[in-house]
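To start, the structure itself, in structure tokens.
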Amino acid sequence: MVVVGIAAKIYEAMGIQSWLPNIISNSESMSKTIHDHTMDRGYISTSPVESSIVDENYISWLKEHPSAISSFQRIINTSKGKQIVVFLDYDGTLSPIVCDPNRAFMSDQMRAAVREVSKHFPTAIISGRSREKGVMGWIPWDQPPKISPMTTTTTSTGIITKLSTKRGMNLSRSNRLKTFSLQLKRQMLIELRERTKNIKGVVIEDNRFCLSVHYRHVKDEEYETLEEQVESVLVNYPDQFHMTRGKKVMEIRPSIEWNKGHALEYLLHNLGFDNSRNLLPIYIGDDRTDEDAFKVLRERGDGFPIVVASKPRDTMAFHSLHDPSEVLSFLIRLGRWGFDNNADFVLT
Ligand SMILES: O=P(O)(O)OC[C@H]1O[C@H](O[C@H]2O[C@H](CO)[C@@H](O)[C@H](O)[C@H]2O)[C@H](O)[C@@H](O)[C@@H]1O
């Protein structure tokens, strides 16, 4: 398994929208769809009374982005003769969103499921976090990973170097990092801390190549002030940094061309799959940054972008999963399928 810390994001090496059609229109298949979703999800009874609690908008959104669990067999049928490659986001996908970013752990079940999937398919975690902080310690490393850049180095760029060595690929993307100054980022961190020190609840996370300004614990009435303060720092680095937004977080990223979509392409390239017609990439993620990866899969036309969302939202993903517990169900099923079909992944 490979972990790319996108923030690391710069998404690491520095470390992620249209529309799907095909709305099921006849009432029979529609009620079947709702039944499948609600049954799969196990949190909604299909009794008429309880079904009424299901958000109508969500149900209609589900028709455009059907459950990856209900569609599992269809996805698998598409994989005949193809190499499945799995890409996973971390926060909100493998771990639930929690108040404290330092406590966003994967459950033991999720660890086991990810481990099982990675035995059968090339598997990568593409995260906004740095590898050094958090994710690395939380993933199932007790099994030797298929590719283990971390065994040779703990630096963020190490993963890229190792992969590149393995396949003799170019380092052009990681070279972009060379234009990134850690010194400048440190300076910015000091300024951000100073400017936000009077706003209660702000947490600034240093993800090596990206700074995450968390405002989950900031009062609504103070949000605007916080935004102004962050922007007043950013304005001093117009060419070096820009801001993107995630779940209750402002992410300050280097202004270089590198996002989760690039990370996905980069990994496929270094795994030797970029020109393969026999590939079935699956990408599961919940955040806006994951949309860049969904877009890449759409454009390639050969994969399954799956969004984790409990509410309707604009997305480039084809399929959906409601929350990390559904991600778990999907991964368990995928791992089981890999086992039953002897899909052992051997990196040559
Ligand atoms: O690309 P990702 O792996 O999805 O990283 C995005 C951010 O994830 C983390 O923050 C989010 O999860 C936290 C823990 O559940 C939550 O408290 C926070 O509100 C979310 O935004 C991580 O801490 C950030 O550094 C990442 O930028």
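As the structure lists them, so they are numbered: ligands from 1, and atoms in each ligand from 1.
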N or O pair under 3.5 Å between E251 and ligand 1: yes
Restricting to heavy atoms, the pick from D286, D91, D287 nearest atom 8 (O) of ligand 1 would be D91
For R216, atoms of ligand 1 separated by under 4.0 Å from a heavy atom: 16 (C), 17 (O), 18 (C), 19 (O)
S232: partners by side-chain contact (heavy atoms from CB on, under 4.5 Å), with sequence neighbours left out: R195, Q229
Within 4.0 Å of some non-hydrogen atom of C99, the atoms of ligand 1 are 17 (O)
Contact summary for I126 and F87, nearest pair of heavy atoms: CD1-CD2, 3.8 Å
List every atom of ligand 1 that sits less than 4.0 Å from any heavy atom of V249, numbering the atoms from 1 in the order shown and giving each element. 21 (O)
Looking at ligand 1, does any of its N/O atoms fall within less than 3.5 Å of an N/O of H214? yes
Could you name the option among K248, E205, M250 that has the heavy atom nearest to atom 25 (O) of ligand 1? E205
Tell me every residue that passes side-chain contact (heavy atoms from CB on, under 4.5 Å) with E194, counting only those two or more places apart in sequence or in another chain. K197
Do H269 and E265 get their side chains close enough for a donor-acceptor pair, meaning under 3.5 Å? no
Does the side chain of R253 pick up a donor-acceptor pair with the side chain of T244 at under 3.5 Å? yes
May I ask you to list the atoms of ligand 1 that are less than 4.0 angstrom from any heavy atom of A104? 14 (C), 15 (O)
Taking NZ, NE, NH1 and NH2 as the nitrogens, is one of them in E291 or R313 under 4.0 Å from a carboxylate oxygen of the other? yes
Quick check: do I84 and W337 have side-chain heavy atoms less than 4.5 Å from each other? yes
Against heavy atoms of D89, which atoms of ligand 1 measure under 4.0 Å? 1 (O), 2 (P), 3 (O), 4 (O)
Flag for S310-D323: side-chain donor and acceptor within less than 3.5 Å: no
Do the side chains of K185 and D206 get close enough for a salt bridge, i.e. N-O under 4.0 angstrom? yes
Those atoms of ligand 1 less than 4.0 Å from some heavy atom in P96: 15 (O)
Of the listed options (I97, L211, V308), which comes nearest to atom 11 (C) of ligand 1 when hydrogens are ignored and any heavy atom counts? I97
At under 4.0 Å between heavy atoms, is it the side chain or the backbone of I126 that contacts ligand 1, or both, or neither? neither
If we only count N/O pairs under 3.5 Å, is D290 in contact with ligand 1? no
Would you say V98 and ligand 1 have an N/O pair spaced under 3.5 Å apart? yes
